[in-house]
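First up is the structure itself, then whatever we jot down about it.
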Amino acid sequence: MIRNSGIAALIGLALAPLVATAQQQNWKPVTVEEMKREIVGRTMAATFANRSEATFLLGTDGKVAVRGSATLDGTWRASDKGYCTTYPNRGEACFEIIRLADGTMEVYTDKGQFQAKMRPQ
C-alpha cells in the first residue's frame, strides 16, 4: 500500500507541470497598463485562497486598503509584472494578475502561489 501511494504521488508530481502548462495556455497576464486602467482606483471584490472575502482597493494615490474580516492599510507600487504591497510590520510582497478565459482575474505571488480571485465590485 505505501509503495502504491508513493508511486501515485510521483505520478502526480510528474503530471503537475503538464496540468499547469495546460491551464496557463488559457491565462493572460494583465499588463501594468491594463491594471492601471481596469483595477487601480476601483474597489474589487476578492475571495482569498482561504475562502475569506473582502474588498480590495489599489488607490490612485499609492495607498492600498483591504476591508473584510481584517482591515489592512498600506502602500502599493507597480512592478514589472503587476504590483507590490507593503503593510505596517510586514515586508514588501509582489503579485501578478492573470485574466482567465472567462474574464475573471486571479492574483498570484511572484512565486506562483494563488492568493485570490477578484472582480470589480
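For the numbers below, each heavy atom of this structure counts, side chains included, while hydrogens, waters and symmetry mates do not. Computed from a predicted model, the values in this text were never measured in an experiment.
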Does CG in Asp102 sit with more than 12 non-hydrogen atoms of other residues, nucleotides or ligands closer than 6.0 Å?
yes
Residues two or more places apart in sequence or in another chain: which of them pass salt bridge (Lys or Arg N to Asp or Glu O under 4.0 Å) with Arg42?
none
When every non-hydrogen atom of Ala54 is compared with those of Val66, the smallest separation belongs to CB-CG1, 4.0 Å
What are the two closest heavy atoms between Ala65 and Asp73, and how far apart are they?
CB-OD1, 3.6 Å
Between Arg119 and Glu106, is there a salt bridge with N-O shorter than 4.0 Å?
no
Whether Glu38 and Arg99 form a salt bridge (side-chain N of Lys/Arg under 4.0 Å from carboxylate O of Asp/Glu) is what I want to check.
yes
Hey, what do you get for [atom1] ([X]) to [atom2] ([Y]), rounding to the nearest 0.5 Å?
{"X": "Ile97", "Y": "Ile39", "atom1": "CD1", "atom2": "CD1", "value": "3.5 Å"}
{"X": "Leu100", "Y": "Lys28", "atom1": "CG", "atom2": "NZ", "value": "12.0 Å"}
{"X": "Phe48", "Y": "Glu53", "atom1": "CZ", "atom2": "CD", "value": "10.0 Å"}
{"X": "Thr75", "Y": "Glu92", "atom1": "OG1", "atom2": "CD", "value": "8.0 Å"}

Ring pair (Phe, Tyr, Trp, His ring centres under 6.0 Å): pairs with one or both residues in residues 57-80, sequence neighbours excluded:
none
Filter on ring pair (Phe, Tyr, Trp, His ring centres under 6.0 Å), then keep only pairs touching residues 101-121, sequence neighbours left out; what's left?
Trp27-Tyr108, Tyr108-Phe114
So, the side chain of Thr47 versus the backbone of Arg51: is there a donor-acceptor pair under 3.5 Å, distance only?
no
